[in-house]
Amino acid sequence: MSNITFSMIKPDAVGAGNSGAILKMIEEAGFKIIAMKKLRLSRERAGQFYEVHKERPFYGELCEYMSSGPIIAFVVEKSNAVEDFRTLIGATNPQEAAEGTIRKLFATDISANAIHGSDSDENANIEANFFFSQLERV
Ligand code: UDP
Ligand code: MG
């Protein structure tokens with residue numbers, strides 16, 4: 001059972017002023033924030049983060065979108081973090097996301113879907129290390 005996962009509040013949710021409400025939901029669900037930063041990804045850096053999707057038809061649009069404005073990148077800790085966080089954020093397509101999930105409440109569409117959550121322990125570590133060094137993780 002994992003105890004950390006990586007997340008980003010995406011440009012649509014940051015731009016709409018929803019980051020505070022989203023972080024409140026995450027903390028109330030029992031996740032402890034252990035690292036956090038606000039930044040804007042370059043197109044190239046967004047492409048590196050989503051490299052696993054580079055053959056998918058939405059890759060170009062996704063990289064444009066993820067570099068279109070600031071994001072908030074963070075790492076959270078909780079037992080069963082990866083699975084529980086994916087449940088809290090809801091399905092990729094907000095129209096399919098369960099009631100009460102972050103994507104149902106705050107996402108605009110399948111691309112601008114408010115928030116990222118790692119899909120495995122392995123990827124949580126890779127993605128956390130993409131943004132944070134070990135020393136910065138307090
Ligand atoms: N995405 C998209 N169109 C799609 C599928 C995904 O624009 O048809 C975007 C969306 O922002 C999603 C991200 O690509 O969050 C990564 O896709 P993935 O399938 O990994 O979804 P997630 O793990 O974020 O739910
Ligand atoms: Mg994914």
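Indexing begins at 1, ligand by ligand and atom by atom, following the structure's order.
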Novice: Among all protein non-hydrogen atoms, which one is nearest to atom 9 (C) of ligand 1, and what is the separation to 0.1 Å?
Specialist: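 Protein heavy atom with the smallest distance to atom 9 (C) of ligand 1: Leu62 CD1, 3.7 Å.
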Novice: To the nearest 0.5 Å, tell me how far Asn80 CG sits from Thr87 OG1.
Specialist: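 The OG1 atom of Thr87 is 8.0 Å from CG of Asn80, to the nearest 0.5 Å.
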Novice: Asn113 heavy atoms, cut-off 4.0 Å: which ligand 1 atoms fall inside?
Specialist: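 Heavy-atom distances to Asn113 below 4.0 Å select 10 (C), 11 (O), 12 (C), 15 (O).
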Novice: Record the part of Arg103 in heavy-atom contact with ligand 1 below 4.0 Å; permitted values are side chain, backbone, both and neither.
Specialist: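 It is the side chain that touches ligand 1; the backbone stays farther off.
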Novice: Between Ile110 and ligand 1, which part of the residue brings a heavy atom under 4.0 Å of the ligand: side chain, backbone, both or neither?
Specialist: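 Within the 4.0 Å criterion, Ile110 contacts ligand 1 through backbone and side-chain atoms alike.
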Novice: Against ligand 1, does Met66 come closer than 4.0 Å with any heavy atom?
Specialist: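 For ligand 1, residue contact (heavy atoms, under 4.0 Å) with Met66 is absent.
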Novice: Under 3.5 Å between any N/O of His116 and any N/O of ligand 1: does that happen in this structure?
Specialist: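 No: no nitrogen or oxygen of His116 is under 3.5 Å from one in ligand 1.
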Novice: Is the charged tip of Lys78 near the ring of Phe85: under 6.0 Å from the six-membered ring centre and within 45° of its axis?
Specialist: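 Here Lys78 fails the 6.0 Å and 45° test against Phe85.
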Novice: With a 4.0 Å cut-off on heavy atoms, is Arg86 touching ligand 1?
Specialist: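 It does, in that a heavy atom of Arg86 comes within the 4.0 Å cut-off of ligand 1.
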Novice: Return the orientation label for the Phe49 and His116 ring planes: parallel under 30°, perpendicular over 60°, tilted otherwise.
Specialist: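 Ring orientation of Phe49 relative to His116: perpendicular.
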Novice: How far is atom 20 (O) of ligand 1 from its nearest protein heavy atom, and which residue and atom name does that atom have?
Specialist: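 For atom 20 (O) of ligand 1, the nearest protein heavy atom comes out as His53 NE2, 3.0 Å.
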Novice: Starting from atom 21 (O) of ligand 1, which protein heavy atom do you reach first, and at what distance in Å?
Specialist: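 Heavy-atom neighbour on the protein nearest atom 21 (O) of ligand 1: Thr92 OG1, 3.3 Å.
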Novice: Considering the heavy atoms of Ser111, write down every atom of ligand 1 situated less than 4.0 Å from one of them.
Specialist: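 Listed by number with element, the hits are 7 (O), 10 (C), 11 (O).
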Novice: Working to the nearest 0.5 Å, report the span between CE of Met8 and CG of Leu39.
Specialist: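 One finds 9.0 Å between CE of Met8 and CG of Leu39.
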Novice: Applying side-chain contact (heavy atoms from CB on, under 4.5 Å), run through Lys10 and Tyr65 and close with a yes or a no.
Specialist: CA-CA 9 Å; Lys10 297 187 179 184; Tyr65 163 64; 3.4 Å; yes
Novice: Using a 4.0 Å cut-off to any heavy atom of Lys10, which atoms of ligand 1 qualify?
Specialist: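 By the 4.0 Å cutoff, the relevant atoms are 10 (C), 11 (O), 12 (C), 15 (O).
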Novice: Evaluate Ile102 against Ile26 for side-chain contact (heavy atoms from CB on, under 4.5 Å), listing each step before the verdict.
Specialist: CA-CA 9 Å; Ile102 292 172; Ile26 291 165; 3.9 Å; yes
Novice: Tell me whether Leu88 is reachable from Phe74 by hopping between hydrophobic residues (I, L, V, M, F, W, Y) whose side-chain heavy atoms are closer than 4.5 Å.
Specialist: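 Result: yes, single cluster for both.
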Novice: Measure the OG-CE distance between Ser7 and Met36 for me, rounded to the nearest 0.5 Å.
Specialist: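 One finds 8.5 Å between OG of Ser7 and CE of Met36.
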Novice: Quick one: look up the protein heavy atom nearest atom 4 (C) of ligand 1 and list residue, atom name and how far away it is.
Specialist: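 Going atom by atom, the protein heavy atom closest to atom 4 (C) of ligand 1 ends up being Phe58 CD2, 3.4 Å.
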